[in-house]
Amino acid sequence: MARSFYVTTPIYYPSDKLHIGHALTTTMADTLARFKRMQGYEVRFLTGSDEHGQKIQRKAAAANVSPQEYVDEIVASFQQLWQRLHISYDDFIRTSEGRHIACVQELFRRIYAQGDIYKSEYAGWYCTPCETFWPERQLVEGACPDCGRPVELLKEESYFFRLSNYADALLAHIESHPDFVQPVSRRHEMINFIKGGLEDLCISRTSFDWGIPVPMDPRHVVYVWFDALTNYISALGWGSSDESLFHKFWPEAVHLVGKDIVRFHTVIWPIMLMAAGVPLPKKVFGHGWLLVDGGKMSKSRGNVVDPFVLIERYGADSIRYFLLRELPYGGDGYYSEEALRQRYNTDLANDLGNLVHRSLTMIERYREGMVPAATAPAALENDLQRVAAQAVAQVEEELERFDMGAALAAAWRLVDRANKYIEETAPWNLARQGQNERLDTVLYHLAEGLRILRVVLAPFMPGLVTRLGHQLGLPNPGAFPAWEEAQTWGVLSPGTHVRRGEPLFPRLTDEEIPPEEGSLIATGTRVAGADLEPSGVPADSTGPAEGAVGKAGRSQAEQSPDTPPAEISIDEFARLDLRVARVVAAERITGADKLLKLTVELGGQERTVVAGIARHYQPQELVGKQVVVVANLKPARLRGVTSQGMVLAAVVGDELTLVTPEKEIASGAKVR
RNA sequence: GGCGGUGUAGCUCAGUUGGUUAGAGCACGCGGUUCAUACCCGCGGUGUCGUAGGUUCGAAUCCUACCACCGCUACCA
């Protein structure tokens with residue numbers, strides 16, 4: 001009877017593209033899922049999308065499509081990303097699906113029936129023009145964070161969930177189950193939080209309707225977490241006519257989440273389950289973030305890294321390796337393309353790739369590609385076997401505690417040992433001296449070591465399974481191996497015909513370093529399926545100004561301070577149509593904290609230009625100012641607004657100032 | 001403010017219940033080797049273990065104070 005294992009990622013919100021931070025959680029989950037499958041577990045791996053909410057409704061309205069159409073398009077891009085990353089999910093739950101809606105309503109009904117949901121009033125700060133409630137801590141100087149206008153304290157009828165009833169039970173559970181919240185630092189925070197007392201949670205809204213109707217009161221839609229968290233059991237058919245998946249996989253569940261949403265998973269979710277009489281999941285694991293430039297990856301910082309570009313550039317296995325290797329257990333990791341390339345070259349190209357290549361080359365050269373039989377194993381061979389067995393055992397151990405980085409480091413001990421083994425045995429000397437038995441033995445041990453590496457690395461880099469399988473001439477190269485195949489030495493049959501092929505990870509040279517901003521997700525572009533907008537985004541400081549100019553300038557300065565950007569000719573410069581324009585109107589753009597929509601007058605005609613300067617200029621102070629715009633820039637949509645050009649600004653770090661003519665001049669004047 | 005954490009080689013980090021000359025990887029330097037993707041193997045640190053005190057025969061490891069940085073302190077997914 002196979003043991004079961006259920007692993008989940010958060011369901012992602014389809015209002016924006018995914019970045020590599022999202023890919024991190026999902027890759028971790030995939031690695032665990034594959035590992036458990038290899039061990040013979042019956043595995044269910046769930047990911048999905050959280051599709052409701054006011055934000056989506058707004059964006060859809062701005063794009064003039066229905067919310068469902070809007071999310072369909074973005075969700076398709078999620079799925080495409082997961083496919084490119086070799087994510088082997090068994091199910092993809094969408095909260096707009098009927099099965100989920102029915103489940104949430106059933107759960108709501110049950111908890112309501114037994115008295116833990118009650119109707120009351122939610123008081124919140126409301127921005128009338130934006131039709132949005134804001135939590136107090138999100139207010140910017142007491143005003144709406146979107147539009148800057150004043151907010152008022154309003155009351156709205158809402159359903160509330162009695163978290164307070166379960167605080168003691170939850171605390172007892174967390175304290176008696178040390179594994180429930182991991183790593184321990186998060187566990188302490190949660191214990192502390194609960195001890196501070198729990199307030200009841202507002203779980204419905206009437207101010208928008210893109211959501212799941214409350215069963216007994218359809219004017220309300222179920223709000224946020226109650227809807228989203230339920231995905232973990234709705235996807236198993238809980239409360240439906242077929243609960244077989246639920247019975248098979250629950251509660252052997254592991255929820256992988258980023259550290260920012262640990263609380264929702266360790267407070268709200270368990271209490272929902274308790275209230276419904278459902279057992280709690282085994283574990284919630286909160287991993288750290290992948291930081292960029294020392295800070296969180298975020299759209300407004302303009303440092304969001306696009307996983308599609310990276311996969312295209314380096315391959316899925318390489319990206320997976322980097323993500324899993326770079327994150328310290330429980331802590332944050334640092335992303336930079338330079339770090340990625342470094343990892344790639346040292347670990348993948350030099351150590352692993354080269355090991356494979358040199359080993360197979362020798363088998364081809366000395367034995368016509370046939371793996372010989374090991375007839376004379378000696379001390380060195382025993383040591384290689386011992387290290388292999390140890391590495392396998394340790395990878396397993398680290399994987400069990402979700403330390404992917406340590407697991408990979410353990411696997412690399414075998415890589416290192418094998419490289420050293422070649423040095424120690426010097427097969428080229430054995431060949432020269434005609435020590436054929438010895439040479440046979442060494443070559444067999446090398447091939448066998450590679451065979452084991454293929455198995456051990458399979459959960460992390462699934463693409464390697466087939467590629468290495470081919471090169472090793474395995475009878476069924478694409479078949480995913482069982483974990484136990486790594487635990488036995490001597491499985492590879494002598495006589496197997498290897499095919500050296502191309503290096504698995506070609507070394508990257510410095511000349512090919514791509515511009516870093518090419519991997520950034522263009523900020524402010526409307527998220528539209530998988531087709532990427534060109535990365536240059538007009539008039540958004542987080543795009544060209546901070547993103548391209550600032551970034552490229554900075555990284556070049558670091559590498560070679562004396563190298564300016566490549567020379568251009570006067571003709572190339574002439575392709576820019578730079579003009580003086582006068583700002584005639586300016587307003588904030590709803591839902592964008594850095595963008596202003598400017599109307600400028602340019603030689604008699606008016607245009608709309610979106611500029612990422614809201615942090616630096618108030619709309620009213622811009623009116624009447626003369627600015628310089630790129631007049632022939634291809635239009636782009638930013639937050640639903642079509643921008644016909646971009647405004648030039650000088651940028652250093654967080655400082656920004658508009659470029660403006662030194663004296664008044666007729667608007668439309670050419671800048672050259 | 002409250003609670004918790006971190007501060008160890010240029011960089012990223014390990015350092016078990018306090019015990020001889022404080023470690024790994026990367027980067028850097030030298031040597032070796034040639035099967036290999038200018039790769040691999042070996043050798044190389046003078047690190048105030050944040051600062052100042054204290055406990056102890058003995059502390060990076062325990063205690064106190066201070067400094068710096070970080071996390072949590074609820075209804076944005």
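Order of the sequence lines fixes the chain letters, A, B, ..., with proteins taken first and strands second; residue numbering starts at 1 for each chain.
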Any idea which of [options] is nearest the [X] side chain?
| X | options | answer |
| --- | --- | --- |
| Glu423(A) | C75(B), C35(B), U37(B) | C35(B) |
| Asp351(A) | U37(B), C40(B), C75(B) | C40(B) |
| Thr361(A) | C35(B), C76(B), A74(B) | C35(B) |
| Arg365(A) | A36(B), G71(B), C75(B) | A36(B) |
| Arg263(A) | A74(B), A27(B), C35(B) | A74(B) |
| Asn419(A) | C75(B), U37(B), C40(B) | C40(B) |
| Phe193(A) | C35(B), U73(B), C75(B) | U73(B) |
| Lys259(A) | C76(B), A74(B), G71(B) | G71(B) |

Looking for any heavy atom pair under 4.0 Å, which part of the strands does [X] touch: base, sugar-phosphate only, or nothing?
| X | answer |
| --- | --- |
| Phe264(A) | nothing |
| Gly197(A) | base |
| Leu360(A) | nothing |
| Pro506(A) | base |

Would you tabulate the nitrogen or oxygen pairs shorter than 3.5 Å linking the protein to nucleotides 1-7 of chain B?
unit_1 : atom_1 : unit_2    : atom_2 : d
C3(B)  : O2'    : Asn192(A) : ND2    : 2.4

[X] [atom1] to [N] [atom2]: how many Å, rounded?
| X | N | atom1 | atom2 | result |
| --- | --- | --- | --- | --- |
| Met362(A) | C40(B) | CE | P | 14 Å |
| Phe322(A) | C26(B) | CZ | C1' | 13 Å |
| Leu430(A) | U34(B) | CG | P | 13 Å |
| Asn350(A) | A36(B) | CG | C1' | 11 Å |
| Gln471(A) | A36(B) | CD | P | 15 Å |
| Gln342(A) | C26(B) | CD | P | 9 Å |
| Asp347(A) | C40(B) | CG | P | 10 Å |
| Arg500(A) | U37(B) | CZ | C1' | 11 Å |

Restricting to side chain to side chain contact (heavy atoms under 4.5 Å, CB included), what partner residues turn up for [X], sequence neighbours left out?
| X | answer |
| --- | --- |
| Asn192(A) | none |
| Gln435(A) | Leu430(A), Gln433(A), Arg438(A) |
| Glu189(A) | Arg186(A) |
| Asp332(A) | Lys259(A), Trp289(A), Leu291(A) |

query = Looking at RNA chain B, which of residues 433-442 of chain A put a heavy atom within less than 4.0 Å of it?
reply = none
[atom1] atom, [N] versus [M]: distance in rounded Å?
| N | M | atom1 | answer |
| --- | --- | --- | --- |
| C40(B) | G25(B) | P | 13 Å |
| U8(B) | A68(B) | C1' | 16 Å |
| U21(B) | U46(B) | P | 13 Å |
| C67(B) | G31(B) | C1' | 45 Å |
| C69(B) | G58(B) | P | 35 Å |
| U20(B) | A27(B) | P | 31 Å |
| A22(B) | C30(B) | P | 27 Å |
| C57(B) | G10(B) | C1' | 37 Å |

Suppose we screen for ring pair (Phe, Tyr, Trp, His ring centres under 6.0 Å). Which residues come up paired with [X], at least two apart in sequence or across chains?
| X | answer |
| --- | --- |
| Tyr321(A) | Trp412(A) |
| Phe160(A) | Tyr118(A) |
| His173(A) | His177(A), Phe180(A) |
| Phe193(A) | none |

query = Does Lys420(A) put a side-chain nitrogen or oxygen below 4.0 Å from OP1 or OP2 of G42(B)?
reply = yes
ask   = At under 4.0 Å, does any side-chain N or O of Arg325(A) touch on OP1 or OP2 of G25(B)?
value = no
query = Taking for each residue the nucleotide of RNA chain B bearing the nearest heavy atom, is the 5' side occupied by Thr346(A) or by Arg432(A)?
reply = Thr346(A)
ask   = Which residue, Val267(A) or Ser359(A), contacts RNA chain B at a nucleotide closer to its 5' end, judged by nearest heavy atom?
value = Ser359(A)
inquiry  = Is it the case that the side chain of Arg507(A) and the backbone of Asn350(A) share a donor-acceptor pair, with hydrogens and angles ignored and the cut-off at 3.5 Å?
reply    = no
[X] to [Y] - nearest heavy-atom pair and separation:
| X | Y | answer |
| --- | --- | --- |
| Val262(A) | Gly286(A) | CG2-CA, 3.7 Å |
| Arg343(A) | Glu326(A) | NE-OE1, 2.9 Å |
| Asp200(A) | Ser164(A) | OD1-OG, 2.7 Å |
| Thr95(A) | Glu51(A) | OG1-N, 2.7 Å |

request  = List the steps and the verdict of side-chain hydrogen bond (donor to acceptor under 3.5 Å, both in side chains) for His100(A) and Thr230(A).
outcome  = CA-CA 8 Å; His100(A) 178 76; Thr230(A) 304; 5.7 Å; no
Under 3.5 Å, which protein N or O atoms sit close to an N or O of nucleotides 9-13 of chain B? Give each pair with its distance.
none

remark   = Dot-bracket for RNA chain B, 5' to 3', Watson-Crick and G-U pairs with both distances under 3.5 Å, [ ] for crossing pairs, | for partner on another strand, reads (((((((..((((.....[...)))).(((((.......))))).....(((((..]....))))))))))))....
inquiry  = Taking Glu423(A) first and then Arg358(A), would you say they form a salt bridge - that is, a charged N and a carboxylate O separated by under 4.0 Å?
reply    = yes
task = For Glu424(A) and Arg417(A), run salt bridge (Lys or Arg N to Asp or Glu O under 4.0 Å): C-alpha distance rounded to whole Å, both residues' side-chain angles, the deciding distance at 0.1 Å, then the answer.
result = CA-CA 10 Å; Glu424(A) 291 167 337; Arg417(A) 187 66 190 85; 3.1 Å; yes
query = When you measure from the centre of the six-membered ring of Phe208(A), is the NZ or CZ of Arg58(A) under 6.0 Å away and within 45° of the axis?
reply = no
